[in-house]
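A short write-up of the structure that comes next.
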Amino acid sequence: MNKKRWYKDMVFYQIWPRSFKDGDGDGMGDLWGVLEKLDYIKSLGCDGIWFSPIYPSPGADCGYDIADYLDIAPEFGGMEAFRKVLDGCHERGMKLIMDLVVNHTSDEHEWFQKSRERIDPYTDFYIWRPAGPGGKLPNNWDSNFEGKAWTWDEVRGEYYLHLFAVKQPDLNMDNPLVREEVKNILRFWLDLGVDGFREDVITFISKKEGLPNDRLFPIHKGIRHYSHGPHIHEYLEEFKRDVFDHYDCFTLAEVPLVWPKQALSYIDEDKGQIDMMIQFQCQCADCLFTDYLPTKFSLRKMKKAFSSWQKKLYGRAWNMLYIENHDHPRIISRYGNEKYWKQSGKTLATAYLFQQGTPFIYQGQEIGMLNWKPEDPEMYEDVQTRYQYAHKNLRKSPKKRLQKMWRASRDSARTPVQWDASENAGFTTGDPWFFVNPNYKKINVAQQEKDPNSILNFYKKAIRLRKTLPVVRFGSYQEHFPKNSKVYTYSRRMPGQKLLVVCSFSDKPAKFKLPNGFDLMGSRLILTNYPAQEKLLQPYECRVYYWKS
Ligand code: NOJ
């Protein structure tokens with residue numbers, strides 16, 4: 001049986017702070033707004049919050065470019081507001097985790113400013129290389145966001161490496177002084193009382209010695225030389241041994257390009273260096289590796305991804321469950337169906353919330369927010385989207401390119417949370433920093449709080465069930481009919497309890513099939529999104545049956 005740790009019983013809510021709730025009327029979401037909404041988050045049944053970065057930052061990557069790790073940005077309310085939010089969480093029995101972004105800093109961080117001037121001890125804090133003959137780049141690696149991974153710095157007279165935006169220089173984690181700084185950051189926040197960290201692209205921090213050219217990858221050149229690099233386990237072990245082991249906290253690592261077998265080398269409960277992992281396979285049922293290479297949604301691909309993580313981690317490691325976050329477009333617009341907005345929103349919730357692991361809900365997901373579709377590409381804010389629009393698919397018409405952005409852009413999911421039907425969706429009394437999705441009069445929290453059949457109330461019910469039924473948290477998992485391309489069916493079992501989850505992903509009636517050995521006699525239908533159960537499953541119908549012996 002799994003060892004129990006507190007995070008296994010929890011449901012987290014992810015806050016992308018700029019767009020969550022503005023408390024001071026300046027048009028930007030902030031911690032005062034969060035403070036107002038703590039009871040709302042709690043009312044959902046969530047007992048933890050993950051904050052996307054709230055540190056001082058020039059905002060080149062909406063906060064993932066940090067200029068000071070030991071402070072809170074003034075526009076979010078500074079340390080004063082943060083302490084109130086932290087206390088507010090703890091008073092309500094909720095945990096709070098921070099985003100730790102240490103693969104890179106902002107180029108406006110003091111370390112970078114000193115490093116480019118070669119002021120010790122910062123000279124080797126980043127990855128600097130001289131130009132090759134004729135000004136040649138040090139290698140052929142791509143940035144994950146814009147162009148090549150190297151930018152020339154006039155001050156230092158060298159290139160610096162940035163795996164993401166130009167304004168996000170990569171730290172040189174091979175330098176022990178950098179690792180000491182990381183540990184100081186961790187201790188600072190843990191001593192203040194935070195309960196853990198989500199670690200941004202943490203498996204990119206160790207680069208292959210010599211930074212060799214990449215000849216294999218057609219896109220994201222270089223990735224095999226910095227993903228799961230040579231010292232990754234050693235550095236993570238060091239952070240654990242020197243810091244995490246001394247606190248009651250947990251770590252959640254973001255890991256692109258990982259499969260369950262390799263994941264176990266990080267999150268195995270006996271030998272791992274971290275507690276949970278954000279994997280990307282569950283996000284690839286309608287694309288190849290990135291949202292910018294879209295394919296038709298395949299339910300079978302989604303099921304396969306879910307099932308393989310469920311099965312391979314069972315009893316050995318703990319899953320992190322999610323279907324949305326700030327890096328992907330809204331899930332109903334992708335895996336669901338906007339025409340069957342309510343039904344598919346509920347089916348998607350059911351498909352993942354009854355698996356084993358700790359679920360995360362991204363702000364607005366609980367009311368079924370949909371993709372934002374701007375009319376003008378200039379309206380995009382995100383650095384990656386702007387680059388993709390301006391430099392990729394140039395043979396396509398501007399209209400086609402724009403439509404591709406609707407489908408792939410992270411900004412599709414970064415519009416302000418729709419609190420009510422008032423101006424600016426109740427997000428701010430000021431001028432919103434970003435566009436509000438025009439559908440806010442139909443889709444908003446206030447309306448759904450009143451409607452017993454809303455997506456929001458469905459989430460509350462599903463979360464309540466997972467909290468009260470141990471089989472959801474600790475039972476074994478089995479998928480049924482894996483080849484069925486319309487219906488996702490799985491069961492969970494533990495002695496004395498059994499659960500069957502059936503989710504249709506079809507916009508037409510689909511066959512309802514019971515797996516061998518299951519009989520509805522003696523079962524209770526504990527959750528569904530249709531008033532009555534027909535022989536056939538209705539479009540996007542979901543059902544959860546429960547047996548107790
Ligand atoms: C992953 C984060 O989730 C994303 O938002 C960010 O842009 C990149 N890492 C770079 O920090």
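Everything quoted here is computed from the prediction, not taken from an experiment. Atoms within each ligand, like the ligands themselves, are counted from 1 in listed order.
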- Kindly write out the residues that satisfy salt bridge (charged side-chain N to carboxylate O under 4.0 Å, His left out) with Glu324, not counting sequence neighbours, or none if the list is empty. Arg330
- Please identify each residue that fulfils salt bridge (charged side-chain N to carboxylate O under 4.0 Å, His left out) with Arg224, with sequence neighbours left out.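 Counting only residues at least two positions away or on another chain, Arg224 forms a salt bridge (charged side-chain N to carboxylate O under 4.0 Å, His left out) with Asp214.
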Short list, please: which atoms of ligand 1 are under 4.0 Å from a heavy atom of [X]?
| X | answer |
| --- | --- |
| His326 | 2 (C), 3 (O), 4 (C), 5 (O) |
| Arg410 | 4 (C), 5 (O), 6 (C), 7 (O) |
| Glu254 | 1 (C), 3 (O), 9 (N) |
| Phe145 | 7 (O) |
| His104 | 10 (C), 11 (O) |

- Ile205 side, atom CD1; Asp200 side, atom CG - distance, nearest 0.5 Å: 11.0 Å
- Have a look at Asp200, Val102, Val201 and point out the one with the heavy atom closest to atom 1 (C) of ligand 1. Asp200
- Message: Could you check whether Tyr226 and Thr203, counting side-chain N and O atoms only, form a donor-acceptor pair closer than 3.5 Å?
- Response: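 There is no such pair between these side chains.
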- No-hydrogen, no-angle side-chain donor-acceptor test under 3.5 Å, Thr105 and Tyr126: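 The criterion, which ignores hydrogens and geometry beyond distance, is satisfied for Tyr126 and Thr105.
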- Protein heavy-atom partner closest to atom 5 (O) of ligand 1 - residue, atom, separation in Å: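 Its nearest protein heavy-atom neighbour is Asp327 OD1, 2.7 Å.
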- Task: Can you pull out the closest protein heavy atom to atom 6 (C) of ligand 1? Residue, atom name and distance to 0.1 Å, please.
- Result: Asp61 OD2, 3.3 Å
- Message: Measuring from non-hydrogen atoms of His328 to any atom of ligand 1, is the shortest distance under 4.0 Å?
- Response: no
- Heavy-atom contact under 4.0 Å between Gln384 and ligand 1? no
- Between Tyr55 and Trp189, how do the two ring planes meet: parallel, tilted or perpendicular, split at 30° and 60°?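 Geometry flag for Trp189 against Tyr55: perpendicular rings.
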- Salt bridge present between Asp174 and Arg179 (N-O < 4.0 angstrom):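 No.
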